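Read through the structure below, which is laid out as structure tokens, and then see the notes.
In what follows, chains carry the letters A, B, and so on, assigned in the order in which the sequence lines appear, proteins first and then strands, with residues in each chain numbered from 1. Owing to the predicted nature of the structure, the values given are computational and were not obtained by experimental measurement.
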Protein chains: 2
Amino acid sequence: MEITSYQNADRIVVAIDCIIFGFDKEQLKLLLIKRDFEPERGHWSLMGGFLKGCEHLHQGAHRILYDLTGLKNIYLEQLHAFGEVTRDPVERTLSVAHYALIDIEAHAFELSEDYSASWFPIQELPDLIFDHNDMLKAALDRLQYKASHEAIGFELLPDKFTLPELQKLYECIYGRPLDKRNFRRRILSMDVLINTGEKEKSSSKKGAYLYTFDQSKFNKLQREGQNMDLNLY
Amino acid sequence: MEITSYQNADRIVVAIDCIIFGFDKEQLKLLLIKRDFEPERGHWSLMGGFLKGCEHLHQGAHRILYDLTGLKNIYLEQLHAFGEVTRDPVERTLSVAHYALIDIEAHAFELSEDYSASWFPIQELPDLIFDHNDMLKAALDRLQYKASHEAIGFELLPDKFTLPELQKLYECIYGRPLDKRNFRRRILSMDVLINTGEKEKSSSKKGAYLYTFDQSKFNKLQREGQNMDLNLY
DNA sequence: TAAATTAAGTGTTAGAATTACATTTAAAAA
DNA sequence: TTTTTAAATGTAATTCTAACACTTAATTTA
């Protein structure tokens, strides 16, 4: 019996769907698009498209995201392949979901006019098409997981950010308040933040110091397999 | 511009590759098969095949594993989709890798005669075809991760096992020795093991108590989102 | 049948990490 | 000058981690 006969192999449409998380200093949001084609025209959907025969998976994800939203050079990670036979009513497709984290304000201009994508607070999402609700659930779980075991989250903030902003972000991801003193101690002890000395004064009279993320120090720690658990409480 | 035109979508061969980990009370091993077809005839490979148009992804994984090895009803989890355009020299394929954990002795009879699959100690693996080395690397990372954050590992042992056997398994997964007293305390404090009262005497004169894994208690803890980190040292 | 052998099983303690908690400080506004 | 606002900071009780060595049960051997 020849299991692996290329001639007889079925060929399948491979879709890519992108779960785009954003943060605007207040809340965690999800980027959705209103479909202007059948099936499910007019309903909200994740950013999706089909993988081309000549494309790497991650190339395809970046292309689709760019075509639909104008977003480029963003952090994009593979989440999971969704393989239900009937997940798409038109034709059997396999969808490889990817997720991304972005700073909403920094990318506002790319998104604006031409694209029909909108941000929804994570607490007030419309029902999504196909199995996109499952994808979102899986992405949220992954985001929480990643945020507690790696120094993720910086992608969701501007290059310079204050510790109160960073704490707010983590509180959104975890959905609960964190102790300010313990949070600062923990984050700073990772030694991947640099205090720029500049202050951001829009949110208080005293002003909060602006920090930047030290990517090279972070990469070094990761290469060395350092424990990056945040253990936030 | 119509991104999502089903007519124009490329159709791609979707492969499934399975990384099968096994444990025989001594070593962690990997199940490989010698290819008897081109390309790469005669070289060692993961268990692989093509997804059918009518199959769920996980159905396909189970079918392929069964066809190639006779193994059924085993724990199989999706790992990652590998999407390099040139990963297979014959034709562009997307491969969704899955991994499994089994007790080698318990499944020995299913594997035996008819199949040309063999177990290789994880330390002495041959070079694998295509991107199978990358898949293996990713699966090992995932296994280590899972083993430290969930009570995985029981799948690799018989229904009844001793604590020294379980410790040996974890030592194989982590690739380093663990302290016996700390290991026992930690594992038992999870409260998912049941001492059967029976003793297993093949490995010592005194004999070690046989334990079983309390699946329902484990499921309950998982539902409640309990922290399952083992933090073994 | 006593002694030797073998691996299983068991507790303690110093040091580190976690967590809960309240006051001071800097700067602008009144 | 006083008030207001949010940022920044330290400590102590408790829990967890990790290092460490002897006793026990049962078989084997002398």
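To the nearest angstrom, P of C:dG9 lies 14 Å from CD1 of B:Ile187. Going from atom NZ of B:Lys180 over to atom P of C:dT10 covers 10 Å, rounded to whole Å. Distance, A:Phe161 CZ to D:dA7 C1': 16 Å, rounded to whole Å. B:Phe183 places its CZ atom 14 Å from the P atom of C:dT10, with the value rounded to the nearest Å. Atom C1' of nucleotide C:dA8 and atom CG of B:Leu188 are separated by 13 Å, given to the nearest angstrom. Note: CG (B:Leu166) to C1' (C:dA7) measures 17 Å, nearest angstrom. Atom CD in B:Glu200 sits roughly 11 Å away from atom P in C:dG9 (whole-Å rounding). One can place CG of B:Asp179 at 11 Å from C1' of D:dA21, the figure rounded to the nearest angstrom.
Using a 4.0 Å cut-off, no side-chain N or O of A:Arg186 falls inside it from OP1 or OP2 of C:dA17. Taking 4.0 angstrom as the limit, A:Arg185 places none of its side-chain polar atoms (N or O) nearer than this to OP1 or OP2 of D:dT9.
Going from atom CG of A:Leu57 over to atom NE2 of B:His80 covers 7.0 Å, rounded to the nearest 0.5 Å. Of the inter-residue distances, the one linking A:Phe161 atom CZ with A:Lys25 atom NZ reads 11.5 Å to the nearest 0.5 angstrom.
When all heavy atoms of B:Gln78 and B:His98 are compared, the pair lying nearest together is CA-CD2, 3.7 Å. B:Gln144 approaches B:Ile173 most closely through the heavy-atom pair NE2-O, 3.1 Å.
Closest approach to the B:Pro164 side chain among C:dA8, D:dC20, D:dT9 is made by C:dA8 (side chain taken as heavy atoms from C-beta onward). The side chain of B:Arg181 sits closest to D:dC20 out of C:dA20, D:dC20, C:dA22.
When side chains are defined from C-beta on, B:His58 does not count as touching B:Glu77, because their heavy atoms never get closer than 4.5 Å.
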inquiry  = Pair A:Tyr145, B:Tyr145 - check ring pair (Phe, Tyr, Trp, His ring centres under 6.0 Å), show working.
reply    = CA-CA 12 Å; A:Tyr145 167 71; B:Tyr145 167 70; 5.0 Å; yes

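The aromatic rings of A:Phe21 and A:Tyr99 sit perpendicular to each other, their planes meeting at more than 60°, with 30° as the lower class boundary.
Residues of residues 201-210 of chain B that place a heavy atom closer than 4.0 Å to DNA chain D, in numerical order, are B:Lys201, B:Lys205, B:Lys206.
Position along DNA chain C of the nearest nucleotide to A:Lys199 versus B:Tyr211 favours B:Tyr211 as the more 5'-ward residue.
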